Protein chains: 2
Amino acid sequence: MVTLKEIAEICNVSATTVSNVINGKAKTSEETKNRIMEVVRKTGYNPNYMAKGLRVKRTRTIAIIAEDLAQFTSPPIIENIMAYCESRQYRATVYNLRLYDRWSDTWYNDEEEYKSVFEPVLRDVLSAQVDGIIYLAGHCRVIKSFSDDFQLPVVMCYALSDSPGIPSVVIDDEKSSWEMVSHLIKAGHKRIGFVGGRVENLHTIERLKGYQRALYENGILFDPSLVFYGRWDRESGYEGASKLLTQGVTAIFAISDRMAGGVYDYLYEAKVAVKDKIAVAGFDNEAISQYFRPALTTTELPLAEIGKKSAELILNRLEKKDGGRSAYSEPYVIKVPCTLKDRNSV
Amino acid sequence: MVTLKEIAEICNVSATTVSNVINGKAKTSEETKNRIMEVVRKTGYNPNYMAKGLRVKRTRTIAIIAEDLAQFTSPPIIENIMAYCESRQYRATVYNLRLYDRWSDTWYNDEEEYKSVFEPVLRDVLSAQVDGIIYLAGHCRVIKSFSDDFQLPVVMCYALSDSPGIPSVVIDDEKSSWEMVSHLIKAGHKRIGFVGGRVENLHTIERLKGYQRALYENGILFDPSLVFYGRWDRESGYEGASKLLTQGVTAIFAISDRMAGGVYDYLYEAKVAVKDKIAVAGFDNEAISQYFRPALTTTELPLAEIGKKSAELILNRLEKKDGGRSAYSEPYVIKVPCTLKDRNSV
DNA sequence: TTGAAAGCGCTAACAC
DNA sequence: GTGTTAGCGCTTTCAA
């Protein structure tokens, strides 16, 4: 590994001059500039990131702490964070908590266990001297992993922060749900079953609100017996459908595509035609939804946008381009809208 | 950020001693050891990774250069590389070429364009002073991105290297395909259509070999008109099925689940029952395959194992636990077997 | 068992 | 325009 000093020696200039040329800093004569660049190219010189970081105390690197890389929402978000960082000459490095991998979806009840994995990772991140952190959640909830006086800029991605200093980027669950239910109503449905995720889950809560608002705006009574709470998975959808059908629904809105898959299962077994007899809508626009027969009408998650916004937010903060909001006076939440994918199940 | 030197001052010892205690190096009296650890805890001291890396010239970090994070095979592999690295006190950091994102699947024809994205990333990786590199391909082929005298240990993951110094970890395409076709034959099929990916693709080539071997071993003539080459996607599967059905096949083996989805599409339109009339088998065991109706018999990719093996390989190399194979005399290829998922389409 | 000094590769501050 | 000096936070001799 050739060093800057060696380049300097070869060129008969000082290390400073080489440094200046490489970083386009001070004024240097074209002559020496060319001479140096030539040698840099020939030797295949690469600046030592460690040495530079140690000296300047800025690494132009942000950490993405992902709760789980394998969560289907994570890779597209990460990919777009990285793409945006690249466009502004930053680096993003991924740390993976592997929360689902370790405890499927039970983990978030146990604060202690969570800490035992989060804290070592955070130390690692801090050791690496990153300039900022994007915490990428696996699902939306209020996350209090960072103390109020945490030393680094943080952006909460796909979840809410409880700290005024940490802005959040989330999807607009309420509005997206409202849109889908309005769509269902426009198609003539009045008794619409709602298959939610876990009761206490924020996605569930917000989407239920959207459901209720759509009913209200159309003068339809909200019937609580049309609401079923599942666990996001296919089996829950099946259960939900079996319960809801006895309530005489003409449409079912399952708030995950997987649960919608379970609804299809039940309907198939019961020989009830999707769309013709019962309309079904999903949420997420996972790959599976296109393979359902009939193809599922669902809501596309704005994952790319979420990634980009989060990255933008943190980089602006790092470069103080955020209009002085460095310390937000109130929780700062960006809600990114989803888009309805109208396919063939409604 | 409190530094080691500050810890030393507080404790009235030298920096050396603190360093020794933290790294469990030299013999230190219990007394001072406790005193130091206490202060370390209280101050929340984190060693500076930059400073340490600069000094010791080993970072205990490996780079994963992923061709595309959004490729469905990537996240599970990465997750398992990270998990294994963690178990041996290493760090893995992800670099993303975003090849598919940039050029979908046309990119690999253009060496120049490829270099224009690979090379800056490689410089970045080198700058970061990682100890080794795992190159994670999006699909199997021979990759010659690293010169023969490349300075760092490299492992090729999910692809083949052309260099004796770079071992590869890939799936056993031939055997897995052989297994599936044997399974089909055992179920009574003699005229089995093969829906491949692109002709020149290594997965296609190997799986076709497995297909042929299974036929051969069962005394079935290989009929070239039963082979169709697609582009891995759903539409290709549809096309393939339409061609193959005119050849009187009783089973179709599509070597990606997505293409199998297209086969289902065609069969559905043509009102031909999957399984009862035509057996269908896929490959990949993507999430979608479970939602097909009937559920798709397919082959599960050993992604976890591939990740783990790759990590193991490179860490062993870094720590010379590879039985002196530091320079392999011949290309060293590890083929990881897949497992057949027998569901309901055969 | 502990410490002093040197130096990893780089850049900031300042002098020339 | 270019060079000198000092030092970022750590570990590694080597000496005490």
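Treat the numbers as computed from the prediction; the structure is a model and nothing was measured. Protein chains get the first letters and strands the later ones, always in sequence-line order, with residue 1 at the start of each.
- Looking at heavy-atom distances under 4.0 Å, B:Tyr45 makes contact with sugar-phosphate atoms alone, never a base.
- For the pair B:Leu54 CG and C:dT11 P, the interatomic distance rounds to 12 Å; values are reported in whole Å.
- Of all nucleotides listed (D:dG9, D:dG1, C:dT2), D:dG9 comes nearest to the side chain of A:Lys57.
- Proximity of the aromatic rings of A:Tyr95 and A:Phe118 is defined here by a centroid distance below 6.0 angstrom, and this criterion is not met.
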Quiz item: Does the side-chain hydrogen bond (donor to acceptor under 3.5 Å, both in side chains) test come out yes or no for A:Glu67 and A:Tyr135, once each step is laid out?
Solution: CA-CA 8 Å; A:Glu67 290 194 338; A:Tyr135 187 96; 2.6 Å; yes
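- In this structure, OG in B:Ser163 is found 9.5 Å from CG in B:Asp149, a value given to the nearest 0.5 Å.
- Comparing atom distances between the B:Ala15 side chain and each of D:dT2, D:dT11, C:dC10 picks out D:dT11 as nearest.
- Closest to the side chain of B:Arg55, from the set C:dG9, C:dC10, C:dG7, is C:dG7.
- Computed from coordinates, the A:Leu126 CG to D:dG9 P distance equals 15 Å when rounded to whole Å.
- The residue among B:Val56 and B:Lys33 whose nearest nucleotide of DNA chain C is located toward the 5' end is B:Lys33.
- Look at CG on B:Asn48: it is 16 Å from P on C:dC10, rounded to the nearest Å.
- Rounded to a whole Å, the NZ atom of A:Lys52 is 18 Å from the P atom of D:dG9.
- Here the nucleotide nearest the side chain of A:Lys25, chosen from D:dT11, C:dA12, C:dG9, is C:dA12.
- Dashed line: the shortest gap from a side-chain N or O of B:Ser19 to OP1 or OP2 of D:dT11 is under 4.0 Å.
- Using a 4.0 Å heavy-atom distance criterion, B:Asn20 is classed as making no nucleic acid contact.
- Here A:Thr17 reaches the OP1 or OP2 of D:dG3: one of its side-chain N or O atoms lies under 4.0 Å away.
- Protein atom NZ of B:Lys5 is 9 Å distant from nucleotide atom C1' of D:dG7, rounded to whole Å.
- In this structure, A:Asn46 atom CG and C:dC8 atom P are separated by 19 Å, rounded to whole Å.
- Rounded to whole angstrom, the span from the CD1 atom of B:Ile22 across to the C1' atom of D:dC10 amounts to 10 Å.
- Closest to the side chain of B:Thr32, out of C:dC10, D:dC8, C:dT2, is C:dT2.
- Across all non-hydrogen atoms, the minimal contact from B:Pro153 to B:Leu318 is CG-CD2, 3.6 Å.
- Among the protein residues, B:Thr16 comes within range of the nucleic acid bases, having at least one heavy atom under 4.0 Å from a base atom.
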Practice problem: Let me see the working for B:Asp131 and B:Leu152 under side chain to side chain contact (heavy atoms under 4.5 Å, CB included), right down to the final yes or no. | Solution: CA-CA 7 Å; B:Asp131 295 339; B:Leu152 249 39; over 6 Å; no
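- Atom CZ in A:Arg58 sits about 11 Å away from atom P in C:dA12, given to the nearest Å.
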